[in-house]
Peer 1: 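Just passing along the structure, written as structure tokens.
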Amino acid sequence: MECGAVGGFSEEQFREACAEIQQRAPAGANWELLVETLGFSIYGLLDQQTGLYEYKVFGVLDDCPPALLADVYMDLDYRKQWDQYVKELYEKECNGETVVYWEVKYPFPMSNRDYIYIRQRQELDVEGRKIHVVLAQSTSVPQFAERPGVIRVNRYKQSLAIESDGKKGSKVFMYYFDNPGGQIPSWLINWVAKNGVPNFLKDMAKACQNYLKKT
């Protein structure tokens, strides 16, 4: 079955992620440092309309080389093994674009959330530095109908930039925003995101070690 047009990412969006990783903190006065944990600094920018934060995360993952980290991040089948919150996750080709379906487990009594998004990976050379960039954002295609009892997340955006830390690890920048909808209070969403992002990155670092054993 054919899907509708989903569009892609511009070269400029990849370059923007590269520019971010070269900083140690976000540019712009409104970003506030929310927490420093597990070797990561997490900054937030409050969206007045929704009461939700956009996040920018800067840090280093030791003993996890950039190409490996990017491979692990892109490997959806493997993610089902190490990410305990995945209920369902798969890709589908739509007009030459790869669209991802992702259902996330939420704790009772909240409903699960699902996402339809596109993502692209590029390896860029910035003044001799090799930077891996992955961009993802929600899209809408008619083939993925909303499911009863699952809330569709229509606003999701993520970018990830990874480069060598000069040793055996990776310097990482991540931008993240999603609006999970439903009746969850914004303070709870913000608390979960603030704690969940560094834990996700640490889980991914652990997954890197196991990935080496697996291949």
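Every heavy atom of this structure was used, including side-chain atoms; hydrogens, water molecules and symmetry mates were not.
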Peer 1: Are V192 and M204 connected in the hydrophobic side-chain network, where two residues link if heavy atoms are under 4.5 Å apart?
Peer 2: yes
Peer 1: Would you find more than 12 non-hydrogen atoms of other residues, nucleotides or ligands less than 6.0 Å from E11 atom CD?
Peer 2: yes
Peer 1: Assess whether a salt bridge exists between E88 and R147, defined as any Lys/Arg side-chain N lying under 4.0 Å from an Asp/Glu carboxylate O.
Peer 2: yes
Peer 1: So, T98 and E91: side-chain donor and acceptor under 3.5 Å apart, yes or no?
Peer 2: no
Peer 1: Measure centre to centre between the rings of Y211 and Y78, then say whether the value is under 6.0 Å.
Peer 2: yes
Peer 1: I need the L52 CG to D47 CG distance, nearest 0.5 Å.
Peer 2: 6.5 Å
Peer 1: So, for V104 and Y115, which heavy atoms are closest and what is the spacing to 0.1 Å?
Peer 2: CG2-CE1, 3.6 Å
Peer 1: Decide, yes or no, whether a salt bridge links D165 with K171 under the criterion of side-chain N to carboxylate O below 4.0 Å.
Peer 2: no
Peer 1: Backbone N or O of Y106 within a donor-acceptor pair of the N112 side chain at under 3.5 Å?
Peer 2: yes
Peer 1: Give a yes or no on this: more than 12 heavy atoms of other residues, nucleotides or ligands lie within 6.0 Å of atom NZ of K105.
Peer 2: yes
Peer 1: When you measure from the side chain of D75 to the backbone of D71, do you find a donor-acceptor pair of N or O atoms at a distance under 3.5 Å?
Peer 2: no
Peer 1: Hey, which of W102, F144, Y101 is the one that makes side-chain contact (heavy atoms from CB on, under 4.5 Å) with D114?
Peer 2: Y101
Peer 1: Do I42 and V60 belong to the same hydrophobic cluster, where Ile, Leu, Val, Met, Phe, Trp and Tyr are linked whenever their side-chain heavy atoms lie under 4.5 Å apart, directly or via other members?
Peer 2: no
Peer 1: Is there side-chain contact between D63 and Q209, with heavy atoms separated by less than 4.5 Å?
Peer 2: yes
Peer 1: Using every non-hydrogen atom in the two residues, find where P65 and S170 come nearest and quote the distance to one decimal.
Peer 2: C-OG, 3.2 Å
Peer 1: Take a 6.0 Å sphere around CD of E12 and say whether it holds more than 12 heavy atoms from other residues, nucleotides or ligands.
Peer 2: no
Peer 1: Do L89 and I151 belong together in a cluster built from hydrophobic side chains that touch within less than 4.5 Å?
Peer 2: no
Peer 1: Could I get the full list of salt bridge (Lys or Arg N to Asp or Glu O under 4.0 Å) partners for R129, not counting sequence neighbours?
Peer 2: E163
Peer 1: Tell me whether R119 contacts the main-chain N or O of M74 through its side chain, where contact means a donor paired with an acceptor under 3.5 Å.
Peer 2: yes
Peer 1: If you measure from CG on N30 to CG on L45, what distance do you get to the nearest 0.5 Å?
Peer 2: 6.0 Å
Peer 1: Would you say the side chain of L34 lies within less than 4.5 Å of the side chain of Y43, judging by non-hydrogen atoms?
Peer 2: no
Peer 1: Do L33 and S41 have side-chain heavy atoms sitting under 4.5 Å apart?
Peer 2: yes
Peer 1: Do R24 and F58 form a cation-pi contact, if we require the NZ or CZ to be under 6.0 Å from the six-membered ring centre and within 45 degrees of the ring's axis?
Peer 2: no
Peer 1: Less than 4.0 angstrom from a charged side-chain N to a carboxylate O is my criterion; do E20 and K56 meet it?
Peer 2: yes
Peer 1: Kindly determine whether Y176 and D178 satisfy side-chain hydrogen bond (donor to acceptor under 3.5 Å, both in side chains), including the steps that lead there.
Peer 2: CA-CA 7 Å; Y176 184 83; D178 96 15; 2.8 Å; yes
Peer 1: Considering non-hydrogen atoms only, spot the tightest contact between A136 and Y117 and give its length.
Peer 2: CB-CD1, 3.8 Å
Peer 1: How about K202: does its NZ atom have over 12 heavy atoms from other parts shown lying under 6.0 Å from it?
Peer 2: yes
Peer 1: In terms of side-chain geometry, is the basic nitrogen of D203 or R79 positioned less than 4.0 Å from the acidic oxygen of its partner?
Peer 2: no
Peer 1: Could you go through I131 and I162, starting from their C-alpha distance and side-chain angles, then the distance that decides it, and tell me whether this counts as side chain to side chain contact (heavy atoms under 4.5 Å, CB included)?
Peer 2: CA-CA 6 Å; I131 302 177; I162 309 162; over 6 Å; no
Peer 1: Are there over 12 heavy-atom neighbours, none belonging to Y85, within less than 6.0 Å of that residue's OH?
Peer 2: no
Peer 1: Treating Ile, Leu, Val, Met, Phe, Trp and Tyr as nodes and any side-chain heavy-atom pair under 4.5 angstrom as an edge, say whether F177 and Y73 lie in one connected cluster.
Peer 2: yes
Peer 1: What's the shortest heavy-atom distance between F173 and A17, and which atoms?
Peer 2: CD2-O, 4.1 Å
Peer 1: What is the distance from atom CG of D62 to atom SG of C208, rounded to the nearest 0.5 Å?
Peer 2: 12.0 Å
Peer 1: Nearest 0.5 Å, please: how far is NZ in K87 from CZ in R113?
Peer 2: 14.0 Å
Peer 1: How many angstroms lie between NZ in K157 and CG in N179, if you round to the nearest 0.5 Å?
Peer 2: 14.5 Å
Peer 1: Please report whether the ring centroid of F200 lies less than 6.0 Å from that of W82.
Peer 2: yes
Peer 1: Hey, could you give me the OG/CE distance between S159 and M174, rounded to the nearest 0.5 Å?
Peer 2: 8.5 Å
Peer 1: What is the minimum heavy-atom distance between N195 and W191, and which atoms define it?
Peer 2: ND2-O, 2.6 Å
Peer 1: Heavy atoms only: give me the nearest Y55-K194 pair and the separation to one decimal.
Peer 2: OH-N, 4.1 Å
Peer 1: Checking D77 now: which residues fulfil side-chain hydrogen bond (donor to acceptor under 3.5 Å, both in side chains) with it, not counting sequence neighbours?
Peer 2: K80
Peer 1: Please determine whether the number of non-hydrogen atoms from other residues, nucleotides or ligands lying under 6.0 Å from atom CG of D125 exceeds 12.
Peer 2: yes
